[in-house]
There are 2 protein chains.
Amino acid sequence: MEAYFERLRSVYPLSAEGLDLLKSYMAKKHLSKGDFILRKDETCRHIYFVNKGFARIFYFKNGKEITEWFTPEKNFCFSITSYFEEKPSHLIIECLEDSEVIYLSKEGLDTLCKTHIEISNFFSKLISGALILSQKRMDSIQFETARQRYEKLLKTQPYILQKAPMQYLASFLGITPETLSRIRTQI
Amino acid sequence: MEAYFERLRSVYPLSAEGLDLLKSYMAKKHLSKGDFILRKDETCRHIYFVNKGFARIFYFKNGKEITEWFTPEKNFCFSITSYFEEKPSHLIIECLEDSEVIYLSKEGLDTLCKTHIEISNFFSKLISGALILSQKRMDSIQFETARQRYEKLLKTQPYILQKAPMQYLASFLGITPETLSRIRTQI
DNA sequence: TTTTACAATTGACAATTGTCAAAAAATGCA
DNA sequence: TGCATTTTTTGACAATTGTCAATTGTAAAA
């Protein structure tokens, strides 16, 4: 069995039948560094699983790129508002490395959720996980300094610091590249 | 039919049977101003619906109260991390007015979700709504100034400004009461 | 290798916000 | 009503961060 099936089961313990159902709505794509998983103004109709590689989620604010999140290997990503509200995405998801991405279609997932309670529960678990992440990140942004958040990143997700350019990290932390540079020299 | 049933159906169009199932796990409480819906270190075992009144969600950071969110009438609230991870809550939910609150038990909801696909879909819709809210608030916090957020609040939820004391609003906006006071004189 | 373009750092200065103290205003209670 | 308490506002100053410009470093292309 492929590794990402195990990852799906770590979200919610799906039966073999449940996995097969999901599988019928999944597609694997190989993308190169710089390719887009989700383009600007495209409606997000899939949940993406970065099986191999590394991606970043960003958008433009006053002509500048703002990095919102990174997606390391073996993690999910999607544009929350575009997906649920079925509107064009202001978020852009880009591969920072050559990547292998599994696309799970919203249409398929919605269909399965209507008829299969196991899939519906899987989906609940998936989005409640996203909700917890979102909540923790919000707390972090509002009530920690940029330095504290940088240090936390250094401890908990050092691979992000290794893979992502400073300018992306700076906008992710909500500060300018200059300020990040000064923080780094003082640690 | 009571008004909050209609509100539940605005989240997801439940059948009469579905509503009855939920109803059996709901309890109504009347609380006074200053009462707690959720105490510190208590595990959040319900989703709360503020049918009448007004509540705020806050926590302590370095001995100071930080307001995280307000819950106006006809809205839901709960501690996301405490509820899903079943851990003691660092968040406190307090009534800022005499309130009528509907408690929907996690235990009941979990039980129903296992066997009733309609309830499972209702729950998915409820938490995806929370996820969208969380996402939008995160964008707002990270990439708007305190003044922009104050002005947006003034436009979209003026009742919060009327009901909540300045000090709560300040910590909600992530600034000091002094800075909020100065912003207000300049608008 | 050299060139070129982009990324990261550094310095000087401006703008914003926080801190602390005090005054003014509002609120609750006897 | 009047007093006590709390909240909000104001002022002075310090600390932090942003902006802009210049410099250095790095990596891909010629």
Side-chain angles (χ1 to χ4, degrees), chain A residues 32-35 54-56 58 60-68 70 92 94-98 139-154 158-187, chain B residues 32-35 53-56 58 60-67 70 92 94-98 139-154 158-187:
Chain A
S32 301
K33 179 177 178 175
D35 284 351
F54 189 56
R56 73 158 175 147
F58 71 99
F60 284 93
K61 163 99 177 176
N62 301 329
K64 290 178 187 170
E65 293 185 3
I66 307 290
T67 296
E68 179 153 309
F70 295 98
I92 300 163
E94 175 197 19
C95 295
L96 296 184
E97 300 178 351
D98 293 355
D139 292 347
S140 166
I141 286 175
Q142 189 161 24
F143 303 115
E144 292 173 6
T145 63
R147 170 172 280 109
Q148 287 173 320
R149 279 185 287 136
Y150 178 79
E151 288 173 355
K152 184 188 279 183
L153 210 59
L154 201 62
Y159 48 90
I160 288 182
L161 299 188
Q162 287 159 13
K163 292 188 173 186
M166 285 300 112
Q167 51 180 344
Y168 297 170
L169 279 168
S171 69
F172 174 69
L173 293 170
I175 55 178
T176 60
E178 291 93 333
T179 301
L180 177 56
S181 174
R182 285 172 185 129
I183 285 174
R184 282 159 55 84
T185 61
Q186 290 167 26
I187 291 180
Chain B
S32 302
K33 179 177 177 174
D35 285 351
F54 189 55
R56 73 157 176 148
F58 71 100
F60 284 94
K61 164 98 177 176
N62 301 330
K64 289 178 187 172
E65 293 183 2
I66 306 291
T67 296
F70 295 97
I92 300 162
E94 175 197 20
C95 295
L96 296 184
E97 299 178 352
D98 292 356
D139 292 347
S140 168
I141 286 174
Q142 189 161 22
F143 302 116
E144 292 173 7
T145 63
R147 168 171 280 110
Q148 287 173 319
R149 279 185 286 135
Y150 178 79
E151 289 173 354
K152 184 188 277 184
L153 211 60
L154 200 62
Y159 49 88
I160 288 182
L161 299 189
Q162 287 158 15
K163 291 187 175 188
M166 285 301 109
Q167 51 179 341
Y168 297 170
L169 280 168
S171 70
F172 174 69
L173 293 170
I175 54 178
T176 61
E178 291 93 332
T179 301
L180 177 56
S181 174
R182 286 172 182 126
I183 286 174
R184 283 159 54 83
T185 61
Q186 290 166 24
I187 290 179

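Source: prediction; values computed, not measured. Quick note on labels: first sequence line is chain A, next is B, and so on, each numbered from 1.
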Exercise. Decide yes or no for A:L173 and A:T67: does some side-chain heavy atom of the first lie under 4.5 Å from some side-chain heavy atom of the second?
Key: no
Self-check item: Passing option when A:F172 is tested against A:Y150, A:F70, A:F58 for ring pair (Phe, Tyr, Trp, His ring centres under 6.0 Å)
Solution: A:F70
Quiz item: With respect to the side chain of A:I175, which nucleotide from D:dG18, C:dT10, D:dT9 is positioned closest?
Solution: D:dG18
Quiz item: How many Å lie between CG on A:L173 and C1' on D:dT16, as a whole number?
Solution: 16 Å
Practice problem: Could you check how far CZ of B:R184 sits from C1' of C:dA25, rounded to whole Å? | Solution: 13 Å
Self-check item: 4.5 Å side-chain heavy-atom contact, B:S140 and B:R149
Solution: yes
Quiz item: Which part of the nucleic acid, if any, lies within contact of A:L180, taking any heavy atom under 4.0 Å across all strands shown: a base, the sugar-phosphate backbone alone, or nothing?
Solution: nothing
Quiz item: For D:dG18, does either OP1 or OP2 sit under 4.0 Å from a side-chain N or O belonging to A:T176?
Solution: yes
Quiz prompt | Closest to the A:E178 side chain, choosing from C:dT19, C:dG28, C:dG11 | solution = C:dG11
Quiz item: Could you state the OH-C1' distance from A:Y168 to C:dC6, rounded to the nearest angstrom?
Solution: 11 Å
Quiz item: Rounded to the nearest Å, what distance is computed from the OH atom of residue B:Y150 to the C1' atom of nucleotide C:dT17?
Solution: 18 Å
Quiz item: Among D:dG18, D:dT10, D:dT8, which is the nearest nucleotide to the side chain of B:Q167?
Solution: D:dT8
Practice problem: Could you check B:T145 against A:M166 and say which one's nearest nucleotide on DNA chain C is further toward the 5' end? | Solution: A:M166
Exercise. Compare side-chain N and O positions of A:T179 against OP1 and OP2 of D:dT17 and report whether any pair is under 4.0 Å apart.
Key: no
Quiz item: With respect to the phosphate group of D:dT10, does any side-chain polar atom (N or O) of B:R182 fall under 4.0 Å of OP1 or OP2?
Solution: no
Quiz item: Could you state the NZ-C1' distance from B:K61 to C:dG18, rounded to the nearest angstrom?
Solution: 16 Å
Quiz item: Where do B:L169 and B:A164 come nearest, in terms of heavy atoms and distance?
Solution: CD1-O, 3.8 Å
Quiz item: Salt bridge or not for A:R56 and A:E94, using N-O below 4.0 Å?
Solution: yes
Quiz item: Which nucleotide in the list C:dA8, D:dG18, D:dT19 gets nearest to the side chain of A:P165?
Solution: C:dA8
Quiz item: Whole-Å distance between C:dA15 P and B:I183 CD1?
Solution: 18 Å
